[in-house]
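One structure is given below, encoded as structure tokens.
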Protein chains: 2
Amino acid sequence: MKEGPDISRIAALIGDPARANILTALMDGRALTASELAEEAGVGLSTASGHLSKLTEAALITPRKSGRHKYFHLTDAEVAAVLEALMGLAARTGATRVRTGPRDAQMQVARVCYNHLAGRMGVQMYSSLIGRGLVVEIGEDASLSDAGRTFAEQFGIDLKGLEKGRTRLCRTCLDWSERRNHLAGSLGRAMLDRMEEQGWMARVPGQRVIRVTRKGERAFEEMFGVVG
Amino acid sequence: MKEGPDISRIAALIGDPARANILTALMDGRALTASELAEEAGVGLSTASGHLSKLTEAALITPRKSGRHKYFHLTDAEVAAVLEALMGLAARTGATRVRTGPRDAQMQVARVCYNHLAGRMGVQMYSSLIGRGLVVEIGEDASLSDAGRTFAEQFGIDLKGLEKGRTRLCRTCLDWSERRNHLAGSLGRAMLDRMEEQGWMARVPGQRVIRVTRKGERAFEEMFGVVG
DNA sequence: TTCATAGTTTGATCGTAGCCGAACTATTCA
DNA sequence: TGAATAGTTCGGCTACGATCAAACTATGAA
């Protein structure tokens, strides 16, 4: 039959362990150099260089030259979403990598998904926004209601500024650990940034884990907590 | 870093062209046999068999045995969603494929599935029996209610005779064109035989197509037609 | 300049995994 | 019952691609 786009090329690209490691390492939205990625992937620099050029050609990652370094990052949130979705499938068959370490437990509470909040708290925030009618889900996308716009602006987010960008304001992203949607898009990113600014939470450098402060716990629960 | 589930196994599985073809062919939700999938994938039956067992082990597809056939379908909508997402990524870099024509229309109306009625009419009959409480579905199997026994005997079927055989009276069978269950088992066979005896329909020799007479159309509609 | 570091390209090696045909099992048909 | 069809398993062949080291280019530092 062979209808539709050919998925095998892209999937095969992700299917190599070294390349999968590279992509996974980029899942926190940072940009890493070729050497760093070679280290992450556990291969030599020359091998990594080959992988990186293939991934770049397929537009999964995008390079940025800076002096004699070359930084790579995931091309956009859609790539990240596909990787998350694949993690979801992998997690179902119990193909979690070796053993689940202590870091995994933290990741399930709060982690960075590309540039927005994921994990239990990400899902909780999203379902709270939905439940209060601030965000309306439309298929895979979502949009902000009037009440939602007011809420976001009161939270300190420059909606008009975000809407100037080319990325969609609201997107949904399937959370692999919670198996439910959380908020992505430029608003998702801005929400996480704002919560960091307010000292609610802080990313742990070099990891996807997000550390939540005690103040953040209280404030988050007050704002997005489950209503009796 | 290597955090989270290992995506490379799943992605590598999808990354082989033959397996990608198999998965793509199943994207519409139908269940296909191993032979059909081998044809779709463009490989031999033995090769396809190997692929199918790998995909099954990873829970991307789920097999269902039906007589000497084995039908495979995508495990659930989440798998389909991931494939869709991958197609989205693939389409961005411009790797699309050719489309092929529709399938045989007659087969979709009525055909033999081993020895029982399949296609639109087979599914219609089954859902009518279920809807009127004559047959009760229990997982993949089914059983005849008391009212169902009366109905079958009035239809001219020797239930006691059937029950002497070793094959189950009622089985369900997944219809590939309709994607829904129809009636199999010795009762399914007897029903088709009886309908042929009564001149409602006739098998076309050497084909799976069943020709339905005008009389048969009327009688079938009266007996299994949708109740307004 | 000259040296050092970051990354790319090339060529050779080597494993793995896809492929087929043939033999085998299971189920149906006649 | 024997013949035909659907699917699985096994053994051997082959090819693709991941890998590394070494040579090469590019940028920055001394």
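In what follows, chains are A, B, ... by sequence order, proteins preceding strands, each numbered from 1. The analysis underlying the following values was restricted to heavy atoms, covering all of them including side chains, and did not include hydrogens, waters or symmetry mates.
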[N] [atom2] sits how many Å from [X] [atom1], rounded?
| X | N | atom1 | atom2 | answer |
| --- | --- | --- | --- | --- |
| B/L13 | C/dG18 | CG | P | 9 Å |
| A/D16 | C/dG15 | CG | C1' | 13 Å |
| B/L52 | D/dG7 | CG | P | 9 Å |
| A/L45 | C/dT10 | CG | C1' | 15 Å |
| A/R64 | D/dT27 | CZ | P | 17 Å |
| B/I22 | D/dG7 | CD1 | P | 12 Å |
| B/K54 | C/dC19 | NZ | P | 9 Å |
| A/I14 | D/dA18 | CD1 | P | 14 Å |

- prompt: Any N or O donor-acceptor pair linking the side chain of B/S46 to the base of C/dG21 at under 3.5 Å?
  reply: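 Side chain to base: pair present.
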field: Nearest-0.5 Å distance, CD of residue A/E78 to CG of residue A/L60
entry: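 Going from the CD atom of A/E78 to the CG atom of A/L60 covers 10.5 Å.
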- prompt: Is the number of heavy atoms from other residues, nucleotides or ligands within 6.0 Å of CD (B/E222) greater than 12?
  reply: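 Check fails, neighbour count at 12 or below.
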query: Got a sec: does the CD of B/E153 have more than 12 other heavy atoms crowding it under 6.0 Å?
result: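 Atom CD in B/E153 is packed in, count exceeds 12.
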message: Given B/L23, which partner from the list B/L55, B/D16, B/L86 fulfils the side chain to side chain contact (heavy atoms under 4.5 Å, CB included) test?
response: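 Running side chain to side chain contact (heavy atoms under 4.5 Å, CB included) over B/L55, B/D16, B/L86 with B/L23 returns exactly one hit, B/L55.
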task: Determine the contact category for A/T33: base if any of its heavy atoms lies under 4.0 Å from a base atom, sugar-phosphate if only primed atoms, P, OP1 or OP2 are that close, otherwise nothing.
output: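 A/T33: backbone/sugar contact only, no base atoms under 4.0 Å.
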Under 4.0 angstrom between [X] side-chain N/O and [N] OP1 or OP2:
| X | N | value |
| --- | --- | --- |
| A/R19 | D/dA18 | yes |
| A/H51 | D/dG17 | no |
| B/K70 | C/dT27 | no |
| A/S35 | C/dT5 | no |
| B/K65 | C/dT27 | yes |
| A/H69 | C/dT5 | no |
| B/T47 | C/dC20 | yes |

- request: Give a yes or no answer on whether the side chain of A/T172 reaches the backbone of A/L183 with a donor-acceptor pair at less than 3.5 Å.
  value: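 Checked: no pair found.
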- request: Find which nucleotide of DNA chain D each of B/A48 and A/V43 is nearest to by heavy atoms, and output the residue with the more 5' nucleotide.
  value: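 Residue closer to the 5' terminus by nearest nucleotide: B/A48.
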query: A/R68 or A/G44: which one's nearest nucleotide on DNA chain D is closer to the 5' end?
result: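 By nearest-heavy-atom nucleotide position, the 5'-most residue is A/G44.
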